[in-house]
Structure formats: structure tokens, C-alpha cells
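Have a look at the structure below before the remarks.
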Amino acid sequence: MSKIIATAAIRGAHKIVAQAEKDLGKAIKEKGKDTPIKYPNTAYYLPIMLLFLGQKVEKAGDLEESLQEAKKLLRDIPSDEMWLPYLGDTLDSGVATLIAEEIIESLKYVNGPNPVDGIWLGYTDDSVLRMQGIKLVDGRMPGFVAIAGCTETNEEAVKLIRGLQERNILVFMAGHCGGRAIAEQLAEERIEMNWDTFLVPYGKEITAAVHALNFATRSAMTFGGVEPGDMKAAREILMYNKGRVHAFVMALGVDPGIPEDQLIIDEKYATAAGAINFGFPVISDVNLPEILPTGICTYEHVISGIKLDDIINRAIELRGLTIKLEKVPIPVPFGAGFEGERVRKEDMYVQFGGKYTDAFEFLRMKPMDEVEDGKIEVIGQEIDEMKEGEAYPLAIVVDVAGREFQEDFESVLERRIHEFISCANGIFHMGQRAIIWVRISKEAQSKGFKVKDFGEILVAKMHEEFRRIVDRVQVRLYTDEKEVKKLIEGARKVYGHRDDMIGGMTDEDVEDYYSCTLCQSYAPSHVCIVTPQRLGLCGAYTWLDCKASYKIDAHGPNEPVAKGECIDPVKGQWKNINDYIEVKSNGNLKKFNAYSIMEEPMTSCGCFECIAAVVPEANGIMIVDRDFTGMSPIGMTFSTLAGQIGGGIQMPGFTGIGRLYISSPKFISAEGGQKRIVWMSKQLKEEVGDRLKAQLEQMGLADLYDKIATEEDAEEPEKLVEYLQSIGHPALEMESIF
Ligand code: SF4
Ligand code: ZN
């Protein structure tokens with residue numbers, strides 16, 4: 001390996017550790033050793049300390065110990081004559097650097113300046129980690145890149161970023177080059193940067209790059225179920241990252257005109273050495289000395305001097321990413337990286353639906369001879385006849401035909417319209433059925449995007465994603481007000497009918513349930529069993545979705561499992577299901593009860609929509625959703641809870657669930673069903689309100705809905721019990737939940 005890199009990395013580590021020592025001294029002097037140290041909304045303390053030191057940092061005083069450990073890892077800076085034959089010292093310096101950077105960044109939450117400022121986002125909290133983690137799990141994101149530095153021109157920056165977005169690669173940004181950061185260049189070009197657009201600016205200083213690595217660390221703990229604590233676990237976490245998190249570092253642009261002392265080049269090397277510990281290689285457009293394969297990595301650690309135009313492709317090769325470049329014949333870029341992008345009012349050319357006009361989307365099956373494949377018609381005005389800034393009605397009517405197609409699949413395909421249309425750059429789409437809201441940006445319009453292009457997207461994507469069941473697709477796009485008004489009524493009738501069908505389907509009606517093992521790429525022993533009355537805990541897979549998915553790809557993540565002999569109908573246990581999960585969980589699980597929270601409940605991977613947990617004092621359960629950041633009445637936030645129950649572990653008293661399950665007649669029937677619900681986060685309670693009320697009515701408990709407490713009524717168990725007593729909640733009278 002190169003002596004120069006080792007020297008620079010070790011020198012950089014010394015500098016960063018020195019800065020950490022200074023910042024820590026200041027914090028302790030001004031605020032004292034007992035000042036709490038905490039990243040926002042996380043159950044992992046300071047993840048880097050937890051990983052490398054098994055240390056649970058809670059106050060400033062604890063950081064003194066972390067600092068000592070970092071110092072132990074520092075090596076003498078090699079003199080020019082000295083030759084370092086192996087990577088060990090550089091890697092140790094990398095670990096020292098990451099520990100010091102975690103000290104520096106966590107202290108910013110105490111000392112300031114506030115790391116969340118303007119475009120900079122600071123630490124990624126656990127709820128975002130879980131939500132984005134699922135995209136890494138299901139392949140929507142093939143991996144992530146951490147970019148340090150900037151490009152020479154803004155135009156180059158935009159081109160590079162669009163290229164990464166089109167390939168769905170998550171982008172972290174930290175550090176600058178002579179005072180200029182790529183995120184600032186993007187901001188000047190009005191590019192939206194946040195978790196929804198896969199563009200995440202952590203901070204201007206290189207030390208903020210530690211957030212990319214503490215994200216990777218928590219991924220292994222959340223989804224991989226690796227318990228931190230000792231060196232063995234640390235190694236497992238690093239190996240997990242090397243094997244499953246496809247990431248790399250892109251070190252950009254050293255402008256020869258910048259004075260050397262402003263390049264912070266040593267600190268960048270030191271941070272890169274930290275990333276190499278995770279098995280993340282470094283790729284650069286400038287000439288750095290290269291580090292060749294040894295130790296943890298089987299590929300090169302550093303490759304450099306790559307032209308900016310080639311850098312994405314080289315990185316993909318280097319890291320072996322599986323990239324699907326989407327071929328959709330429209331005049332704007334297309335890819336999952338644009339899915340969460342919004343179109344602001346001032347950037348909007350025209351819009352449809354929302355609260356402004358009638359708009360809906362509707363997909364139906366048709367006989368083969370009534371569908372002309374690829375035909376797209378616009379009935380009403382095209383975009384050239386529309387006035388800028390106005391709202392128009394819209395009906396998106398998709399007809400599909402296929403020998404293998406079944407009516408059941410209609411809603412499954414229809415639900416994907418949102419995702420497909422959202423993936424076009426400059427197009428915003430929200431909602432489904434008759435509550436859609438669509439915007440076309442000025443930029444997309446100026447590039448030639450037309451209403452007809454919604455059809456192009458849908459024809460291409462329906463064929464691509466549903467090859468096995470779809471032979472022909474045609475799309476009609478109505479912008480004519482009278483037509484839309486007429487058609488929307490018919491569509492509403494069909495929506496209602498579909499709800500009744502799936503709503504009316506019971507677990508007893510079917511012989512087969514479906515498995516989902518999609519999350520095993522992250523949580524290797526987790527299996528979801530999806531039944532008509534209990535959907536996957538992520539909320540994204542119902543029994544019908546799994547059935548369609550199996551039809552599309554019999555070797556995919558979903559397969560039918562004949563339930564076989566029923567062992568317990570109330571708890572939800574079947575012989576064949578037990579046998580199946582024992583095999584699929586690699587022997588980690590012998591059996592489970594689909595409808596119980598107390599006795600061998602289903603496991604959780606990490607991407608649950610909600611968590612149900614027993615509140616012992618109230619003899620009932622509470623349900624909290626991932627958007628709720630406050631304290632639940634069992635004294636834990638969603639984050640803390642999630643950290644404890646994820647990773648494919650079975651934990652009596654806790655279970656991860658999808659929202660729809662809350663109103664299911666099979667909802668924890670082993671413990672008495674919805675009657676046990678004593679507390680729900682308010683937003684969740686409102687969102688599932690209609691369905692829950694209907695179910696309660698069925699159970700003869702119509703007045704229970706109003707008796708379910710929220711954070712507005714009680715945030716701790718004593719208050720909650722008082723409240724429940726005052727209103728006479730029936731859970732208090734039920735037999736003991738234990
Ligand atoms: Fe993961 Fe279960 Fe959702 Fe499948 S159904 S994606 S295994 S949470
Ligand atoms: Zn999952």
C-alpha cells in the first residue's frame with residue numbers, strides 16, 4: 001500500500017482527535033460532565049461508540065473514555081524513511097477518526113452550531129433509517145454513495161447527481177473542497193435535497209461524514225439483528241456492511257488553485273480510512289495514490305484519476321451493484337430517485353386533482369380483443385392548450401389484458417400507478433383512486449413532457465413489472481371535465497366493490513397463506529406470513545398482493561404455504577406454517593401464533609408500520625406508529641421500541657404490525673381483540689378511524705373508539721390507568737393479559 005496515504009490518513013486522524021479533545025474540553029468546562037449527550041430520536045446512543053467500543057454514551061463525561069480509546073488507536077506519524085507494509089495502522093487511524101468525528105458531531109447538538117441548518121440535515125434518526133432501509137431491502141435502492149468535496153462547475157454537479165438518482169443510488173454528502181460543497185452547488189441549481197429525493201446533505205464539515213457510517217452501523221443492528229457489544233459483534237457488523245450494504249465513497253475535486261492548507265486533505269484520507277473498515281471503497285476523480293486489495297476488502301480500496309463522466313460506471317463495477325436503468329420513452333429522466341420529489345407551487349406548470357378538480361385513476365381487466373397494446377389517447381386538452389398555473393380535471397384509465405390476468409390483480413396493479421408516475425423527474429403524484437393530486441413542473445413542460453407521457457410511463461412499466469400476467473396495455477387520459485365527471489361515478493362503484501371483496505375475505509376462506517421473505521436480505525431469519533386478515537407488518541403486502549407477486553414470479557419473495565392442520569384457531573397456529581417457518585428462519589423459530597401478542601408472536605424485521613405493546617398496568621395494549629416521536633405510556637419512544645424488537649426476534653408482549661391489521665377481526669384475538677386497545681398515537685387513531693369504528697360496531701363495542709386514549713389523554717401508565725378508570729374502559733375488567 002502507499003506510504004503517502006498512510007501518512008496522510010494517520011496525520012489526519014491526529015488532527016481530528018485533537019479537535020475532538022478541544023471540543024470535548026469546552027463542552028465539559030461550560031456544561032459539565034453530566035450534560036446529556038444524545039442524537040435525536042435514536043435508540044442506538046452514539047452508534048459508532050456502540051459499534052467499536054460497546055459503549056453506551058449518555059453524558060459528556062462518557063466521551064472522555066471514548067476519546068481515550070481513540071487515542072490508543074493513534075499511531076505515530078511515519079517519517080519519510082519509514083515504510084508501512086500493511087494496512088493495519090491506517091485502518092486503526094480510520095477507527096480513531098470515526099470515534100473522534102462522532103464526538104465532534106454529537107457535541108454540536110450541545111455546543112452548537114446546530115448541525116441542522118439550511119440545507120444541512122445532521123444525524124439521520126431511527127424512523128427515517130427504518131423507512132429508507134426498506135428501500136435498500138427490496139432493491140429500490142441498490143446502494144449508497146458518500147460524496148466529499150465538489151465539482152468544478154455546477155453543471156457537472158447536477159449531471160453527476162442526476163446520474164446517481166436515475167440509478168436509484170442513495171447519496172450522502174459531507175465535507176467541502178476549498179470552502180465549496182457539492183450540496184451547495186446543487187442548492188444553487190434549485191435541486192431538492194432530502195430523504196425523499198435520495199439526496200442527503202449531512203454537513204459542510206468532513207466530520208459529518210460519520211453520519212453515513214453510523215447509518216450503515218444501525219442498518220446492521222436494525223435489519224441484521226446484530227447485537228453490538230464486543231469485538232466479535234463489531235466484526236459482524238462490519239462484515240454485514242461489506243456484504244449487504246453496497247456503498248462506496250466518492251472523493252471529488254481538488255482544484256489546483258486552492259491553497260493546500262484549505263484542502264483538509266489529511267482529514268479526508270483519515271475519514272476514508274474509516275470507511276474502508278466497513279468495506280466501502282473510495283473512488284476519486286483526482287490522482288490519489290491507490291490502495292490495493294488486502295484484508296477485509298476483496299477489491300481495490302482506492303481507485304483514482306477517474307474522469308467524472310465515467311465515475312458512476314466505475315463505482316458500480318467496483319462495488320458490483322445491480323442497477324436497472326429504466327427505459328421509459330419520455331423526455332425527462334426516470335428512476336426511483338425521483339419518486340419522493342415534490343413540485344412546489346412556484347415551479348408548477350399545471351396541476352390536476354387535489355382539492356382543485358376531479359381526478360382519479362382506474363385500472364381494469366379487459367378481454368384481449370378490446371385492448372390494443374401500446375395505444376395511448378388523450379381525450380380533451382393536451383398540455384400545449386393548457387394555461388400555466390391552472391388546474392384541470394384528469395382521469396387515468398388503464399386497460400390491461402392477459403391470459404393469466406385475474407380480476408383480483410386489478411387493484412394491485414392500480415396501486416402501482418402512483419409509484420410509476422412519481423418516478424418521472426418533475427412530476428408529482430399523490431394518493432390513489434379518486435383522491436389523486438398530480439403536478440407537472442415547468443421544467444418538465446419545457447423539456448416537452450405531455451399528458452400523453454403518463455400513458456407512455458404506464459404502458460412501459462406495466463409491461464416491465466408485470467410481464468407474466470400482462471400481455472396488452474392501453475391508456476386513456478381524459479382532461480375533459482364532462483367526461484371525467486361521468487366516468488368517476490362508475491369508478492367509485494368499482495372501488496367500493498373491491499373493498500368489500502378483500503374486506504370480506506377471511507383466513508378460513510383460503511387454504512394457502514403467503515410467505516414474504518423480502519426482508520431476509522437484511523434480517524436473515526425473519527419471515528412474514530401474510531393472511532387475508534393479517535397483512536405484512538410493513539403494510540405494503542396484503543394477501544392479494546402476495547398472490548399476484550407469486551403469479552408474476554414464482555421464484556420471488558412470496559410463495560403460497562398450505563396452512564394444513566389448525567392447531568389453535570384463536571391464537572392462529574397451523575402445523576404446516578410452523579414447519580415452514582422453522583425451515584425458512586434457519587431453525588431460529590419453531591412456531592408462532594399469528595393472532596397473539598403474548599404467546600410466541602410473529603417476529604419483526606424492522607420496517608413495521610406500527611408497534612403494538614402490552615401496557616401491564618392497564619391490562620391492555622397500546623399501538624404507536626412510526627411517525628409518532630413522543631413518549632408512549634410504556635416509557636419508550638417508537639424508536640427505542642423498534643430498536644428492541646427488530647431483527648427477526650420473537651418478543652412476547654411486543655409485535656410489529658401493519659395498520660390495516662388494527663381493524664381486522666383477527667386482531668390479537670388470542671388476547672381478546674380490539675377490546676384490549678387502551679392507547680393509540682392520535683394521528684394513527686384518526687387514520688384508521690373509519691375501519692376501526694366499523695369493526696368495533698361489529699363487536700358490539702361502538703362506544704369503545706372514544707375510550708381509546710391518545711397522547712393528549714395520558715403519556716405515562718399511572719395517568720393512563722386513572723384516565724381509563726374515569727371513562728370505564730372495558731380492558732380493566734378483562735381477565736389478566738398475562
Ligand atoms: Fe418485509 Fe414482511 Fe413486508 Fe415482506 S411483508 S416486505 S417480509 S415486512
Ligand atoms: Zn421488513
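Note that ligands are numbered from 1 as they come in the structure, with each ligand's atoms numbered from 1 the same way.
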>> Tell me whether D579 contacts the main-chain N or O of N576 through its side chain, where contact means a donor paired with an acceptor under 3.5 Å.
In response: no
Here the atoms of ligand 1 under 4.0 Å from any heavy atom belonging to L537 are 8 (S)
Quick note on ligand 1: atoms under 4.0 Å from a heavy atom of C516 include exactly 4 (Fe), 5 (S), 6 (S), 7 (S)
Original post:
Charged N to carboxylate O under 4.0 angstrom, E609 versus R659?
Top reply: yes
> Should R676 and E671 count as an ion pair when the cut-off is N to O under 4.0 Å?
Replying inline: no
Numbered in order shown, the ligand 1 atoms found under 4.0 Å of a heavy atom of C605 are 8 (S)
Check your understanding: Does a salt bridge link E404 with R468, judged by any charged N lying under 4.0 Å from a carboxylate O?
Key -> no
| query | Do T531 and D507 meet the criterion of a side-chain donor-acceptor pair at a distance under 3.5 Å? | reply | yes
Discussion item. At a threshold of 2.8 Å, where the distance has to be below it, does atom 2 (Fe) of ligand 1 have an N, O or S atom of C528 nearby?
Written reply: yes
For G536, the ligand 1 atoms with a heavy-atom partner under 4.0 Å come out as 5 (S)
